[in-house]
Protein chains: 2
Amino acid sequence: MTTRIPAKHRAMRKAPKQLRSQSTVEGIVEAGARVLAQRGWAKFTTNEVARVAGASIGSLYQYFPNKLAIAEAIRQRHLSQLLAVLPDPGKQGKALSLNRHVDQLIDGVVAAHSINQKLHRILLDEVPLAARSFDTDFEREYLHRYEILTRVALDDGARNLMAARILADAVEGIVHAAASREELGSSAVRIEVKRMVSAYLLALQRA
Amino acid sequence: MTTRIPAKHRAMRKAPKQLRSQSTVEGIVEAGARVLAQRGWAKFTTNEVARVAGASIGSLYQYFPNKLAIAEAIRQRHLSQLLAVLPDPGKQGKALSLNRHVDQLIDGVVAAHSINQKLHRILLDEVPLAARSFDTDFEREYLHRYEILTRVALDDGARNLMAARILADAVEGIVHAAASREELGSSAVRIEVKRMVSAYLLALQRA
DNA sequence: TCAAGATGTGAGCTGATGCTCATATTATGG
DNA sequence: CCATAATATGAGCATCAGCTCACATCTTGA
């Protein structure tokens, strides 16, 4: 017995069935990303998104129940682009040294945050969170990348997760701050981040 | 030759001269903080602020040129409250060990972020930044707290500042993430943060 | 005491924007 | 070929919040 959710509240009112409508929806998300990056959430208007997408406002609301749903579609697209840039732990051999692992991960995180940096900041800082459905999946995947590192230094599963979270949050903090100072290119920042991550992992091992 | 800035664009249109108007202004900022924490930036309306403050909307606009100026006044008040909670480096003897210093600073940072946590998050995440005039002063002061630590491990002034920024950004990242998970009370988080800061400082010393 | 300045008031103007709906156009499948 | 479903359109409705302004009230200082 599945509860019926009225179209007005679903992420998408109608599923686009024909090719025509599928490209309309893609165009709206694509245009939305551009408008959002350019104007920011406060000046992100559905009418402009439709205009830029070359669609009518009516078409837009045929597939998205409201403004926020568009932003959420944009966020999903962006987050999966991020994950694609991060080194995949499954594909790496276990043969790498800890320092090599740290190097790769941090380089990946910096590269990921260099993708459409402005959009990234706006998605994080300005767009209200709301439905965490996808974010949860994303965060799990993201954390997993760090657990690869902590597992090398630690056995305990629970402490492992905690350490991974600490690392992830610390690195995010540094990288976001660096980005807002437009210092993401700086190799000095990268070096210090790696130093910090390595030092922490070493300290964990000793404790 | 000072440039004349029209009242419409100044932080405050009119300076409140009498006691009566001074308490009106304070009441507006106080009420504004409550409304902002409760409703969030998107639903932060000047009319409600005035109503809650027990003042008229006209009075509000007599002293604040626009909605954002109120938010900025709230931010200033909040940031200076934060600084007041952080241990003052000037007042501490230099006699404390490095670990003691780390303990005190991290405890202070956690305590600072426990003050009106919801307002804090909204001020950081939702309210558009705009005029960085005060924030710059705040950040300088804030960074200074970390430089106390890095100076112990390092001599080089430039690398010192860089290291302080790295530490500050990392700790902020962890603390904000913990706060949004409502884990700011957790002593485990505090322990790990301290471990990370200490480990990084040690690594700096050795390099 | 009383002008002049400081302060307080709130109805309502103004502009903006999310979203609907009646209608038109295009595609599909039998 | 045509009935039905899918898709597209955009004028305009409904709402809402920032802010103004003409006027009232209070305080100050001479």
Side-chain angles (χ1 to χ4, degrees), chain A residues 6-32 35-36 38-74 126-128 130, chain B residues 6-32 35-36 38-74 126-128 130:
Chain A
K8 274 201 156 192
H9 302 127
R10 261 180 282 142
M12 210 170 267
R13 300 187 132 168
K14 227 183 258 185
K17 304 197 167 180
Q18 305 177 1
L19 268 156
R20 188 166 49 132
S21 50
Q22 277 165 29
S23 67
T24 298
V25 169
E26 278 167 33
I28 287 170
V29 176
E30 164 64 29
V35 172
L36 185 58
Q38 188 157 83
R39 306 276 196 207
W41 174 249
K43 293 183 181 175
F44 178 76
T45 71
T46 52
N47 284 291
E48 184 177 3
V49 171
R51 215 194 60 234
V52 171
S56 70
I57 183 66
S59 286
L60 190 153
Y61 278 99
Q62 197 129 42
Y63 301 105
F64 297 93
N66 53 51
K67 181 173 137 150
L68 192 57
I70 302 173
E72 247 140 41
I74 295 169
E126 297 185 6
V127 176
Chain B
K8 274 200 157 195
H9 302 128
R10 260 179 282 142
M12 211 171 266
R13 299 187 136 173
K14 227 185 257 183
K17 304 198 168 178
Q18 304 177 2
L19 268 156
R20 186 167 50 131
S21 50
Q22 277 164 29
S23 65
T24 298
V25 169
E26 277 167 35
I28 288 170
V29 176
E30 164 65 28
V35 172
L36 185 57
Q38 189 156 84
R39 305 275 196 208
W41 174 249
K43 294 184 180 175
F44 177 76
T45 71
T46 52
N47 284 290
E48 184 177 2
V49 172
R51 214 195 60 233
V52 171
S56 69
I57 184 65
S59 286
L60 189 154
Y61 278 97
Q62 196 128 45
Y63 301 106
F64 297 93
N66 52 50
K67 181 174 137 153
L68 191 58
I70 301 173
E72 247 140 41
I74 295 169
E126 297 185 8
V127 177

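Chain A is the first sequence line, chain B the second, and so forth, proteins listed ahead of strands; every chain is numbered from 1. Bear in mind the structure is a predicted one, so any value in this text is a computation, not a measurement.
Distance CG (A:L19) to C1' (D:dA5): 17 Å, rounded to an integer number of Å. Taking atom CD on B:E48 and atom P on D:dC16, their separation rounds to 14 Å, with Å as the unit. Look at CZ on B:R39: it is 13 Å from P on D:dC16, rounded to the nearest Å. If you measure from atom CD of B:Q62 to atom P of D:dC21, you get 13 Å, rounded to the nearest angstrom. In this structure, B:K17 atom NZ and C:dA4 atom C1' are separated by 13 Å, rounded to whole Å. Computed from coordinates, the B:Y63 OH to C:dG8 C1' distance equals 8 Å when rounded to whole Å. The distance from atom NZ of A:K14 to atom P of D:dA5 is 12 Å, rounded to the nearest whole Å. Computed from coordinates, the B:W41 CH2 to D:dA17 P distance equals 13 Å when rounded to whole Å.
Looking at residues two or more places apart in sequence or on another chain, you find no salt bridge (Lys or Arg N to Asp or Glu O under 4.0 Å) involving B:R51. Applying the ring-ring contact (aromatic ring centres under 6.0 Å, His included) criterion to A:F44, with sequence neighbours excluded, gives A:W41.
Side-chain atoms of A:S21 never come within 3.5 Å of backbone atoms of A:T24 as a donor-acceptor pair (strictly under, hydrogens ignored). Between the B:T45 side chain and the B:E48 main chain, a donor and an acceptor come within less than 3.5 Å of each other.
OP1 or OP2 of D:dA8 lies within a sub-4.0 Å distance of a side-chain N or O belonging to A:T24. The phosphate of C:dG8 (OP1 or OP2) has no side-chain N or O of B:S21 nearer than 4.0 angstrom.
Closest heavy-atom contact between B:A53 and B:G27: CB-O, 3.7 Å.
Listed candidates were D:dG10, C:dG10, C:dT7. Nearest to the side chain of B:S56 is C:dG10.
The side-chain heavy atoms of B:I28 and B:V49, taken from C-beta on, include a pair separated by under 4.5 Å. B:L36 is listed as a side-chain neighbour of B:V127, based on a closest heavy-atom distance under 4.5 Å.
If you check every strand for non-hydrogen atoms under 4.0 Å, A:A55 touches sugar and phosphate atoms only.
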- Query: What does nucleotides 16-27 of chain C look like as a protein-contact string, B for base, S for sugar-phosphate only, - for none, at under 4.0 angstrom between heavy atoms?
  - Reply: -SBBB-----SS
